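Following: one structure in structure tokens, then a few remarks.
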Number of protein chains: 2
Amino acid sequence: MVQYVSPPLDLSFAALADATRRGIIDQLGRGEASITSLAERFQMTLTGVKKHVQVLERAGLVVTQKVGRVRTCKLGARGLAAEAEWIEARRKLFEARFDALDEIISEMKQEQGNGSAD
Amino acid sequence: MVQYVSPPLDLSFAALADATRRGIIDQLGRGEASITSLAERFQMTLTGVKKHVQVLERAGLVVTQKVGRVRTCKLGARGLAAEAEWIEARRKLFEARFDALDEIISEMKQEQGNGSAD
DNA sequence: TAATTACTGAACCATATGGTTCAGTATGTA
DNA sequence: TACATACTGAACCATATGGTTCAGTAATTA
């Protein structure tokens with residue numbers, strides 16, 4: 001069976017923690033792109049884009065290939081399965097804590113009634 | 001209608017990009033905990049734990065409350081809905097790119113056949 | 001061959017991160 | 001009142017991040 005060992009979640013979550021990189025993912029979702037085209041799209045130097053792409057690559061979210069003088073970037077095959085899995089499993093934990101509406105309401109009060117030393 | 005405006009994804013994904021913080025979330029999934037108990041559990045100074053908890057708090061993933069001299073931490077009410085939503089939407093993009101097995105195989109070859117200037 | 005294009009790498013900068021220690025402050029207990 | 005507990009904040013440290021500029025190299029094109 002073909003198995004993808006995803007790079008540790010540290011890398012992928014860190015990669016997703018930047019709006020430009022999330023934008024690059026969205027862009028690649030519409031089709032492959034060169035470093036230059038991404039640089040134009042995101043108003044950034046080639047070097048800047050290259051670094052972002054490298055972060056995405058280390059996280060396994062993007063693959064690149066250089067043909068001639070052009071490096072083409074596309075979404076990686078491993079996808080976001082591992083991240084989705086981690087999050088879904090924890091969502092259950094969160095929900096379990098909040099099956100009663102009371103908790104939510106008391107939290108809201110807490111957030112409103114400020115001036116506390118909290 | 002009660003609406004939670006989640007702090008930007010930047011904050012929550014960054015918060016999730018650290019194994020200790022993911023561990024704290026798991027721990028709080030089993031019940032509330034004080035700073036001291038988390039520090040014991042994760043073999044870290046109180047100050048260190050406090051910082052991690054603050055990162056989780058800024059991301060809205062954890063709420064804390066100080067009663068007496070003890071600060072109690074628990075999972076935040078907003079949960080991981082926004083993150084799950086972002087990821088699920090992108091999974092479709094990734095899958096759309098890889099509905100053919102060919103692509104996966106060609107990537108695997110690429111990863112194996114190294115020594116290229118890639 | 002010369003000029004242009006596309007990328008790359010090193011160096012730099014300011015700021016953030018993940019951790020520590022140390023010196024408090026506030027609370028609870030004997 | 002004295003001591004212990006639980007946290008807090010400032011200061012420090014090494015390393016990472018997000019960006020830049022500048023000086024290349026390699027591939028096309030004229």
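This one's a predicted model, so the numbers in the text were calculated from it and none came from an experiment. Just so it is clear: chains get the letters A, B, ... in the order the sequence lines come, proteins before strands, and each one is counted from 1.
Residue Met44(B) contributes atom CE, which lies 10 Å from atom P of dG18(C) at whole-angstrom precision. Regarding Leu46(A), its CG atom lies at a distance of 18 Å from the P atom of dT25(D), rounded to whole Å. Taking atom NZ of residue Lys50(A) and atom P of nucleotide dA6(C), one finds them 16 Å apart after rounding to whole Å. Look at CZ on Phe42(A): it is 16 Å from C1' on dG19(D), rounded to the nearest Å. Taking atom CD of Glu40(B) as the reference point, atom P of dT5(D) lies 12 Å away to the nearest angstrom. One interatomic measurement links the two molecules: CZ of Arg71(A) to C1' of dT5(C), which rounds to 16 Å at whole-angstrom precision. One interatomic measurement links the two molecules: CG of Asp18(B) to C1' of dT17(D), which rounds to 15 Å at whole-angstrom precision. A straight line from CG of Leu11(B) to P of dT17(D) spans 17 Å, rounded to a whole angstrom.
Comparing Gly68(B) and Ile35(A) by the nucleotide of DNA chain C that holds the closest heavy atom to each, the one mapping nearer the 5' end is Ile35(A). Where Gly48(A) and Ser34(B) each meet DNA chain D at their nearest nucleotide, the meeting point lying more 5' is that of Ser34(B).
Using the six-membered ring where Trp is involved, Phe13(B) and Phe13(A) have ring planes that are parallel, under 30° apart on the 30 and 60° scheme.
A distance of 14.5 Å separates CD1 of Ile35(A) from CZ of Arg69(A), quoted to the nearest 0.5 Å.
Using a cutoff of 4.0 Å between basic side-chain nitrogens and carboxylate oxygens, Glu83(A) and Arg78(A) are scored as salt-bridged. For Glu88(A) and Arg91(A), the salt-bridge test passes: some basic side-chain N is under 4.0 Å from an acidic carboxylate O.
At a cut-off of 3.5 angstrom, counting only N and O atoms as typed in the model, there is no donor on one side facing an acceptor on the other between the side-chain of Thr20(A) and the base of dG18(D). Between the side chain of Arg69(A) and the base of dA6(C), no donor-acceptor pair of N or O atoms lies under 3.5 Å.
Using a 4.0 Å cut-off, some side-chain N or O of Lys66(B) falls inside it from OP1 or OP2 of dT8(D). Contact annotation: Arg21(A) side-chain N/O to dG18(D) OP1/OP2 distance is under 4.0 Å. When the side-chain nitrogen and oxygen atoms of His52(A) are compared with OP1 and OP2 of dG19(D), one or more of them lie within a distance under 4.0 Å.
Across all strands, Thr47(A) comes closer than 4.0 Å to base atoms (heavy-atom distances).
Within the 3.5 Å criterion, the main-chain N or O of Leu16(A) finds a donor-acceptor partner in the side chain of Arg22(A).
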